[in-house]
Amino acid sequence: MINKTLTELSAGLKDGDFSSVELSQYFLQRIAKYDDELNAFITVTEEQALAAANKADEAIAAGTAGVLTGIPVAYKDLFCTDGIRTSCASKMLDNFIAPYNATVVEKLTAAGMPMLGKTNMDEFAMGSSNENSYYGAVKNPWDLERVPGGSSGGSAVAVCAKLAPVSLGTDTGGSIRQPASLTGVTGIKPTYGRVSRYGMIAYASSLDQGGVFASNAEDCALVLAAIAGFDAKDSTSVEHQVPDFSATLNDSIQGLKIGVPKEFFGEGLDNKIATVIQEALQEYTKLGAEIIDISLPNTHLAIPSYYVIAPAEASSNLSRFDGVRYGYRCEDPKDLTDMYMRSRGEGFGTEVKRRIMTGTYALSAGYYDAYYLKAQKIRRLISNDFKQAFEKVDVIMGPVSPETAFKIGAKTDDPISMYLADIYTLSLNLAGLPGMSIPAGKANDMPVGLQIIGNYFEEAKMLNIAHQFQQATDYHKQLPAQFGGEK
Amino acid sequence: MEWETVIGLEIHAQLSTKSKLFSGSSTEYGQEPNTQANVVDLAMPGVLPVLNAEAVRMAAMFGLAIGAPIGRGNVFARKNYFYPDLPQGYQISQFDKPIVELGHIDITLENGESKRIGVTRAHLEQDAGKSLHKDFAGMTGIDLNRSGTPLLEIVSEPDMRSAKEAVAYMKKIHELVQYLGINDGNLQEGSFRCDANVSVRPKGQKEFGTRTELKNINSFRFVERAINLEVERQIDLLEEGGEVIQETRLYDPDKNQTRSMRSKEEANDYRYFPDPDLLPVEITDEFLDEVRASLPELPQVKFKRFMQEYGLSDYDAGVLTANRAVADYFEAVAKDSGEAKLSANWVIGELSSHLNNHDLLITDSPVSSEMLTGLIKRIADKTISGKIAKEVFQALWEGEGSTADDIIESKGLKQITDSGAIEAMIDEIIANNQAQVEQYRSGKDKVFGFFVGQVMKASQGKANPAQVNQILKQKLAPESE
């Protein structure tokens, strides 16, 4: 069961090999068995999953089922789910139950996908290790002493350890690609505006984008097609035709021009990772692709620019958590100011407070031009770098992360070194471009992801390119021994 | 020392859209608390704003009406501050790229001269909710029905030099937004509110003095009073050698005084930045053409046309164009009756005083424009005199008939113009009042009035006054033969 693709699961459901209830129970049992160790889930929704699975089985029996009907899914705990707690891994929202579904949840529910639960994450999606969670750190299934990456660590781990066949996450600066890389699963962050942000609790609105974790590109294609598209409830979603991402998976990549930015192979990159990436690129040349050296000269400005823009937006986005209408409120507030200060002081974790402070500072009178405005200008420079690159190449490739999964606690006291972990991923969010991470091998006995960067709205091409690699390799099929892989 | 007052106004006009600026909730006034607040108005996590196109159209109408450029790529920005009735923790407003840029409006000064007041800008923004401090012992209730209601904030240049000018400007804007149909003009319900920036400087000095801001003044009378009080306070301060502190002050109409609310130091740093949930609003030429075509005739234009087309005095034209409904009413009567001057007199006189006495709007008048037209036609064709017409109007007002003709008929008020009949009446009166005839003929002209009164009494007011005069003069003349 755990080695089947979504297409195979879908066929099994339709052929009556197993029911959706059985399939959901199978994953719920794996969650029950393994999640105490992994801590990938904040909330497991067994009851809802089985009810939805029952309905899915009826639809399958009635012949009204779609390709995803009956296949269970897990959501990062920042997608609002009607009647089920959405915590953002924060004490602030530990008691919050939304009376509405996020658009993507609405879409996958309508497609007949039972929800297994809500996955763990860095609090309010702020972090690159999934250690910043009110519900505790998530463990990497390949080495339980190591982090799975973040902020969508729980969703990556759920797929890695086969606690769910597919999951949704969000990527603001690398939060899908980096944990996908560190856990050896396939993750795609689509073009900004491709997927509705309605009901997705905002961290940094101009950078946040929902996406998919799965075992392979083929599975990502199916689920991405189901969540993509314009949404009248999100003014930043784009009215752009959603192609059948699965239809072009087997297209030839003969003559594909792959740009490799020299800035992605500089100081700070683990040599063993560089080797894995070079080998992956060689694999692509075997498939008929051409490797072209390119330059993205403003890459080094991505981190400072991101860490102004994202906290600035966050400082404002998180103002609504004030203890007035929902969420955490401190005990016995003396007056309004006391209520604000203690509710927010006690409700938010350290990293969230750090970013609120940074962002508030960056937007303050007298600093706005020097920080926020300048960061926005850099953002344009970074976009222009990519624009120029895509005049010469079809796709850009490089590492996702400069290092493999590190030990839990190793960077807790050094937020700057943690921020550096996002060096190859942030620039895409700043430019709004789509990106993927696919498993490309191992270094230090831990998975290494290859990053595939496409031009705007070229997710179909990226999935095709990823799929061709996965047809020729089996890195994406490897599972950690402890969770069902070969010893 | 002689002082000069400098005033600028910030007017908040609530736009008459059906739904809120960024959510589908109704904007209807006076509903049960929190019944018109959806998840967007409550700023639940993950929800997003979607701009109301109608509000954009209304703001564009205002811009075109004051001759201002419309911001082709206007931008919504977040104004960040914490307050319990501000659910998002920020107000979505416009900062450096407003929808309406520099325009102007002309006001009429007391001496009859016209003065142009600059309108710096007008921008769209969300209203906040309401904090309710009564009825919750030791606590505060929050009503979010108003939260997210669209406002057009209209900011003037510091062009006004007296409280009277400020009021004239405020009234002009009030008149305009109602003309455009983008605001209901209701000051009591807070649909039209005003903040005033006030400073004084020695006459002749170029630099502005330090200003204070008077908050939330919701009547024309209070604006005048509050500004005058503040001007007086500032002058007293300066003349005693003190200085004005930049601060926000609140006007208390009950005590008729202003008091400090917060100083500049306590003012928030709003940390404005473009709202990343909303894209810049692109205004196309086609859209503007459409809006321009939908604009009603504006007060100034109507004012001039009324003078030309109907030969009205500027006073009459001014009164009749101050309100669009009044202008429409007048124009209907004037056109259908063909008696512009008479129509103007009746609308400004009898009709307005009735409406005032009963505290009614012209749109709620029991005497419709058709009814008044019917009445004026009968005055014009001399079926009834002006005096009788007032009686007919009163009857129409009280619903005694649906047309003037019905009432004239049923009450027998038709004017007597038959000179034979009038002569007969006069002959009888002369015969019965020989003493007075003698007095008149001996030179006591005043007695003439007595005879007119007698004829009117005998005819129950229906005798044509001109004919009565003429025949009386003939009959009373010293017998010449």
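Basis for what follows: all heavy atoms, side chains included, without hydrogens, waters or symmetry-related copies. Within every chain, numbering begins at 1; the chains are lettered A, B, ... in the order of the sequence lines, protein sequences first and strands thereafter.
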Checklist entry - Between B/Phe273 and A/Ala312, what is the shortest heavy-atom contact and its length? => result CZ-O, 4.3 Å
Item to check | Under 4.5 Å from any heavy atom of chain B - which part of A/Phe96 | outcome: side chain
Checklist outcome for this item: Okay, A/Ala232 and chain B: the region with an atom under 4.5 Å from a heavy atom over there is backbone
Checklist entry - Taking only residues two or more places apart in sequence, or in another chain, which ones meet B/Thr258 in a side chain to side chain contact (heavy atoms under 4.5 Å, CB included)? => result B/Leu214, B/Glu230, B/Arg233, B/Arg249, B/Tyr251
Checklist entry - Between B/Leu144, B/Val40, B/Val39, which shows the greatest number of heavy-atom pairs under 4.5 Å with chain A? => result B/Val39
Short of 3.5 Å, which donor-acceptor contacts do chain B and chain A share? List atoms and distances.
residue	atom	partner	partner atom	Å
B/Leu42	O	A/Arg325	NE	2.8
B/Ala43	O	A/Tyr326	OH	2.5
B/Met44	O	A/Arg320	NH1	3.0
B/Pro45	O	A/Tyr100	OH	2.5
B/Gly46	O	A/Gly199	N	2.7
B/Pro49	O	A/Ser235	OG	3.2
B/Arg78	NH1	A/Ser316	OG	2.9
B/Arg78	NH1	A/Asn317	OD1	2.8
B/Arg78	NH2	A/Asn317	OD1	3.0
B/Asn80	OD1	A/Ser316	OG	2.8
B/Tyr83	N	A/Tyr340	OH	3.3
B/Pro87	O	A/Arg325	NH2	2.8
B/Gln88	O	A/Arg320	N	3.4
B/Tyr90	OH	A/Arg320	NH2	3.0
B/Asp269	OD2	A/Ala365	N	2.8
B/Asp277	OD1	A/Arg197	NH1	3.4
B/Asp277	OD1	A/Arg197	NH2	3.1
B/Asp277	OD1	A/Ser205	OG	3.2

Checklist entry - Given a strict heavy-atom distance threshold of 4.5 Å, which part of A/Ala365 is in contact with chain B: side chain, backbone, both, or neither? => result both
Next on the checklist: Given heavy-atom pairs under 4.5 angstrom as the criterion, report whether the side chain, backbone, both or neither of A/Leu336 touches chain B.
Outcome noted: side chain
